[in-house]
Every structure is written in C-alpha cells, then in structure tokens.
Participant: 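Following this message is one structure expressed as structure tokens.
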Amino acid sequence: MQHLYWEVTKGTGMIAVRGVPFIIGVTATEMGESIMKTVDNLTDKQKKFAEIFIEISNGQKAAIHAGYAEIGASQEAYRLLRNPRVKEYIDELEKERRERIQSRLAGMAEKATEMLFELAQNAESESVRINALKDILDRAGFKPTDKLEQKNEHSGKIEFGFVDPAAVDA
C-alpha cells in the first residue's frame, strides 16, 4: 500500500505534496482524504506524471520528466491520460489548484477594491478620482445609461393652431 506524505510549513499555509508546493485554503486532512483514494492506486511514475502534467500541460514532456523513456513518451502520455485512475488524480489536482488560485484572486480583488476607494478619495487628479468612482459604480452594477443620438428631420416650419372642442365632438 502506497501513502501520500505531506510536508507542512507551519503558519504559512504552504504544503508540499510529494515535493510539489501548494498554497491551500483547506486543511491537509481535507486535501489528503480527497486524493488518498486515488493516489493509493497509482504507481510512483503515474503520480509524478500527473503532478508534472498539471504544471506544464504537455503530456510528452511530463512523461519524460516522470521517468518514462523518451522514445514512446508521446504514446505513453496518451495512454496515461486515458487511464481513469490517472485522469481522476489529474482532475483532483487541477480542482485543488483552481481552488487555490480562486482563493488568492479573492484576496487580490479585495485589495484592488481598497485601492480603488483610496484613489476615489485621495487622488490628486480629478480625472483619476472620477474614473475610480466610475469603475466602483460599474463593478457594483450601476451601469451608465446608454447615450442615444436622436435626429429629427423636419422642414423647419411648425404650425400651431387651436381646435374648437365643440367641433371635435360633432
């Protein structure tokens, strides 16, 4: 039975799985439980292939780096990418990677919003303040009204007249 070993750097949110560093938003236990099932059924080469593949997205190069022979690496990558257990492991690693990226982007979005508010309040340039306010309102869902150009073509002669209400009823 093969096991997945974790290296945890305390206080940093960093974890290394088989030497591949991760910044995570889940605990090592949660992460480990999700991939332990798949990892136990893979060879070391298959695991290494999957871990390298999600980083470089090139099956042939990932196969070579994982220890497969250069001759036939392309065919081996093709076979590995169709192996249900390898594919499941890759899918799990990619899902965890997406979650890490989304977590990091959420933090960056909050920082960017703070910077926009800072610009809107304290920028020396009036145009910078106005553009920051427009961006804030746009992101909050308050879109500016669309400007419509309307052209009225007429002869230039306008006639006014009064209508006798009694004549309209008759």
Side-chain angles (χ1 to χ4, degrees), residues 1-123 125 128-129 131-144:
M1 175 186 236
Q2 297 178 0
H3 295 283
L4 180 66
Y5 295 99
W6 300 92
E7 299 170 28
V8 179
T9 307
K10 283 192 169 187
T12 64
M14 292 288 293
I15 279 186
V17 179
R18 299 191 51 73
V20 179
F22 292 98
I23 300 172
I24 61 167
V26 296
T27 66
T29 305
E30 292 168 338
M31 185 184 231
E33 288 171 1
S34 70
I35 55 179
M36 279 299 286
K37 297 171 193 165
T38 305
V39 173
D40 284 341
N41 296 324
L42 299 177
T43 67
D44 287 341
K45 277 186 177 181
Q46 289 172 329
K47 289 180 225 175
K48 190 170 183 181
F49 169 82
E51 292 163 359
I52 294 170
F53 180 77
I54 66 162
E55 295 298 323
I56 64 174
S57 298
N58 183 315
Q60 182 180 8
K61 289 181 182 179
I64 293 167
H65 288 299
Y68 293 95
E70 283 189 43
I71 297 174
S74 180
Q75 291 82 3
E76 189 64 36
Y78 179 85
R79 188 184 62 74
L80 287 166
L81 290 171
R82 271 133 192 87
N83 179 319
R85 292 176 303 176
V86 173
K87 183 151 179 43
E88 183 181 350
Y89 184 50
I90 289 171
D91 291 345
E92 289 172 1
L93 290 173
E94 286 177 336
K95 179 183 175 199
E96 291 165 3
R97 184 178 185 183
R98 275 191 307 275
E99 289 170 357
R100 285 191 317 275
I101 291 169
Q102 286 175 340
S103 175
R104 291 177 73 189
L105 288 176
M108 293 171 73
E110 187 175 326
K111 180 82 171 167
T113 302
E114 290 173 11
M115 292 174 72
L116 273 174
F117 279 110
E118 179 70 26
L119 284 173
Q121 294 173 348
N122 301 322
S125 167
V128 171
R129 288 193 309 269
N131 285 333
L133 289 169
K134 284 180 183 178
D135 198 29
I136 290 168
L137 290 172
D138 183 47
R139 291 170 192 271
F142 297 102
K143 303 266 184 206

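Just so it is clear, the values below take in all heavy atoms, side chains as well, and ignore hydrogens, waters and symmetry mates. As the structure is a computational prediction, the values presented were derived from the model and not from experiment.
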Participant: Are the side chains of Leu81 and Phe53 in touch, meaning some heavy atoms are under 4.5 Å apart?
Facilitator: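 In contact.
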Participant: Rounded to the nearest 0.5 Å, how far does CZ of Arg98 lie from CD of Glu96?
Facilitator: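 One gets 10.0 Å once the value is rounded to the nearest 0.5 Å.
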Participant: Atom CG in Asp135, atom CZ in Phe117: separation rounded to 0.5 Å?
Facilitator: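 Spacing of CG (Asp135) from CZ (Phe117) equals 10.5 Å.
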Participant: I need the minimum non-hydrogen distance between Gln46 and Asn41, along with the two atoms involved.
Facilitator: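 For Gln46 and Asn41, the tightest heavy-atom pair comes out as OE1-O, 4.3 Å.
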Participant: Run the salt-bridge test on Lys87 and Asp91 with the 4.0 Å N-O cut-off and return the result as yes or no.
Facilitator: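 Counted as a salt bridge, because a side-chain N and a carboxylate O are separated by less than 4.0 Å.
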Participant: Check Ile56 against Lys61 and note the closest heavy-atom contact, atom names and distance.
Facilitator: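 Looking at all heavy atoms of both residues, the shortest contact is CD1-CB, 3.7 Å.
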Participant: Starting at CD1 of Ile54, measure out to CD of Glu94 and round the result to the nearest 0.5 Å.
Facilitator: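 Rounded to the nearest 0.5 Å, the CD1-CD separation comes out at 6.5 Å.
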Participant: Ignoring hydrogens, what is the shortest heavy-atom contact between Ala132 and Ala120? Give both atom names and the distance.
Facilitator: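 For Ala132 and Ala120, the tightest heavy-atom pair comes out as CB-N, 3.8 Å.
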Participant: Of all the heavy-atom pairs spanning Ala63 and Phe49, show the shortest one and how long it is.
Facilitator: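 Nearest heavy atoms, Ala63 then Phe49: N-CD1, 3.5 Å.
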Participant: Of Leu93, Ile52, Val86, Leu42, which meets side chain to side chain contact (heavy atoms under 4.5 Å, CB included) against Lys47?
Facilitator: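 Exactly one option meets the side chain to side chain contact (heavy atoms under 4.5 Å, CB included) with Lys47, and it is Leu42.
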Participant: Residues two or more places apart in sequence or in another chain: which of them pass side-chain contact (heavy atoms from CB on, under 4.5 Å) with Asn131?
Facilitator: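 Checked Asn131 against side-chain contact (heavy atoms from CB on, under 4.5 Å); matches are Lys134.
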Participant: Just checking, Arg85 and Tyr89: is the charged tip under 6.0 Å from the six-membered ring centre and within 45° of the axis?
Facilitator: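 Cation-pi check for Arg85 and Tyr89: fails.
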Participant: Can you find a pair of side-chain heavy atoms, one from Glu114 and one from Glu118, that are under 4.5 Å apart?
Facilitator: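 Answer no - side chains too far apart.
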Participant: With a cut-off of 6.0 Å (strictly less than), are more than 12 heavy atoms of other residues, nucleotides or ligands near CD of Gln121?
Facilitator: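 Enclosed.
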Participant: Can you tell me how far apart CD1 (Ile64) and CD1 (Ile71) are? Round to the nearest 0.5 Å.
Facilitator: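 Those atoms lie 10.0 Å apart.
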Participant: Once rounded to the nearest 0.5 Å, what's the spacing between atom CD of Glu88 and atom CG of Asn83?
Facilitator: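 Going from the CD atom of Glu88 to the CG atom of Asn83 covers 10.0 Å.
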Participant: Excluding sequence neighbours, so at least two apart, what forms salt bridge (charged side-chain N to carboxylate O under 4.0 Å, His left out) with Lys45?
Facilitator: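 Checked Lys45 against salt bridge (charged side-chain N to carboxylate O under 4.0 Å, His left out); zero matches.
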Participant: When you compare the side chain of Tyr68 with that of Gln60, does any pair of heavy atoms fall below 4.5 Å?
Facilitator: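 Gln60 vs Tyr68: side chains apart.
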Participant: As an exercise, state the distance from CZ of Arg97 to CD of Glu92, rounded to the nearest 0.5 Å.
Facilitator: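 CD of Glu92 is found 16.0 Å from CZ of Arg97.
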